[in-house]
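Please read the structure below before turning to the comments.
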Amino acid sequence: MSAYKKILIAVDVCDDYQEVIKKAMKLADDPEWLHVVHVVEPIYYPENYMGGTAIDFQEKTVEFAKSELDEIATKHAIPPANRHILIGKAATCIHVFSEENAIDLIIVGSHGKHGLQLLLGSTATAILHGAKCDVLAVRIFD
Ligand code: AMP
């Protein structure tokens with residue numbers, strides 16, 4: 001029986017997330033306990049910018065992320081209400097979301113890049129440092 005009942009999986013839909021999901025599935029007795037989140041970094045453009053390209057690109061990025069996240073979540077029976085696309089800085093969005101939704105465990109991938117600074121990876125390190133709940137870093141072998 002898992003000690004965690006509300007688990008947030010941070011998924012980079014453009015990266016290797018399989019190990020992260022696999023670990024989460026082993027921890028949760030019920031897929032309803034799992035939430036998946038992907039954060040889209042905002043595209044900044046000048047205040048007086050009138051063209052549509054940057055806005056279109058942002059919308060397409062969100063659409064792409066949503067469809068990828070849906071595919072991943074459906075494969076693992078994670079309910080539609082537990083799939084979240086957020087816009088902002090990954091670690092900040094994940095911290096705010098976790099606090100507002102009483103998440104008790106965040107699961108994040110960690111790349112085994114060399115060097116102390118890259119031991120966890122930049123996003124994983126940022127998530128770990130500001131989190132108010134437990135964080136599990138799942139090693140991703142490149
Ligand atoms: P990185 O620090 O970029 O190597 O990413 C390590 C881990 O941080 C990934 O395996 C994900 O768990 C998480 N992560 C990175 N980028 C995002 C993102 N845009 N949205 C959600 N989680 C992310």
Side-chain angles (χ1 to χ4, degrees), residues 1-47 49 51-142:
M1 193 178 146
S2 173
Y4 303 103
K5 297 279 185 284
K6 210 164 179 189
I7 300 170
L8 182 66
I9 315 168
V11 175
D12 182 352
V13 296
C14 303
D15 198 11
D16 196 356
Y17 50 77
Q18 311 283 0
E19 283 306 312
V20 184
I21 301 269
K22 225 191 276 174
K23 257 310 149 51
M25 297 304 296
K26 280 191 186 150
L27 270 175
D29 295 344
D30 184 340
E32 297 244 350
W33 298 356
L34 296 173
H35 288 251
V36 279
V37 62
H38 175 83
V39 185
V40 176
E41 292 266 347
I43 299 158
Y44 295 102
Y45 49 93
E47 225 170 80
Y49 178 77
T53 317
I55 300 161
D56 290 350
F57 185 70
Q58 173 92 66
E59 281 170 4
K60 286 207 164 35
T61 308
V62 169
E63 263 172 43
F64 169 77
K66 193 176 170 330
S67 107
E68 292 290 303
L69 198 66
D70 270 340
E71 197 179 317
I72 296 163
T74 302
K75 217 180 276 173
H76 295 93
I78 298 169
N82 293 7
R83 306 167 188 178
H84 315 277
I85 298 288
L86 306 175
I87 298 175
K89 210 170 168 356
T92 309
C93 285
I94 287 168
H95 291 150
V96 171
F97 181 91
S98 300
E99 284 170 44
E100 286 179 354
N101 292 278
I103 294 295
D104 47 25
L105 177 70
I106 301 168
I107 305 186
V108 64
S110 95
H111 290 280
K113 291 168 186 159
H114 56 82
L116 198 58
Q117 198 190 358
L118 293 175
L119 195 59
L120 286 174
S122 56
T123 312
T125 306
I127 292 170
L128 180 65
H129 282 158
K132 299 255 166 63
C133 62
D134 289 354
V135 178
L136 172 65
V138 176
R139 182 69 180 266
I140 295 170
F141 293 95
D142 298 310

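Each ligand, and each atom within it, is numbered from 1 in the order the structure gives.
Classification of E19 and K22 as a salt-bridged pair holds, one side-chain N sitting under 4.0 Å from a carboxylate O.
Remark: ligand 1 and G109 share an N or O pair separated by less than 3.5 Å (distance only, no angle test). Any N or O atom pair closer than 3.5 Å counts here, and A10 shares at least one such pair with ligand 1.
Taking NE2 of H129 as the start and NE2 of H95 as the end, the distance is 9.5 Å to the nearest 0.5 Å.
For ligand 1, the atoms sitting less than 4.0 Å from at least one non-hydrogen atom of V37 are 21 (C), numbered in the order shown with element in parentheses. Near A124, meaning under 4.0 Å from one of its heavy atoms, ligand 1 places the atoms 2 (O). Counting the atoms of ligand 1 from 1 in the order shown, those under 4.0 Å from a heavy atom of S122 are 2 (O). Within the listing of ligand 1, atoms 20 (N), 21 (C), 22 (N) sit less than 4.0 angstrom from a heavy atom of V11.
Across the listed options I140, T123, I127, T123 owns the non-hydrogen atom lying nearest to atom 15 (C) of ligand 1. Taking each of V39, V108, V36, L8 in turn, the one with a heavy atom nearest to atom 8 (O) of ligand 1 proves to be V108.
For the side-chain contact (heavy atoms from CB on, under 4.5 Å) test with V36, the passing option among N82, I78, D70 is I78; the others fail.
Counting only distance, with no hydrogens or angles, the side chain of K66 and the backbone of I85 share no donor-acceptor pair below 3.5 Å.
Side-chain contact between L136 and L27: present, with at least one pair of heavy atoms (C-beta onward) separated by less than 4.5 Å. Between H35 and I9, the closest side-chain pair of non-hydrogen atoms is not below 4.5 Å. Counting heavy atoms from C-beta outward, V11 and V20 have side chains that stay 4.5 Å or more apart.
Contact annotation: for H111 versus ligand 1, heavy atoms closer than 4.0 Å belong to the side chain alone.
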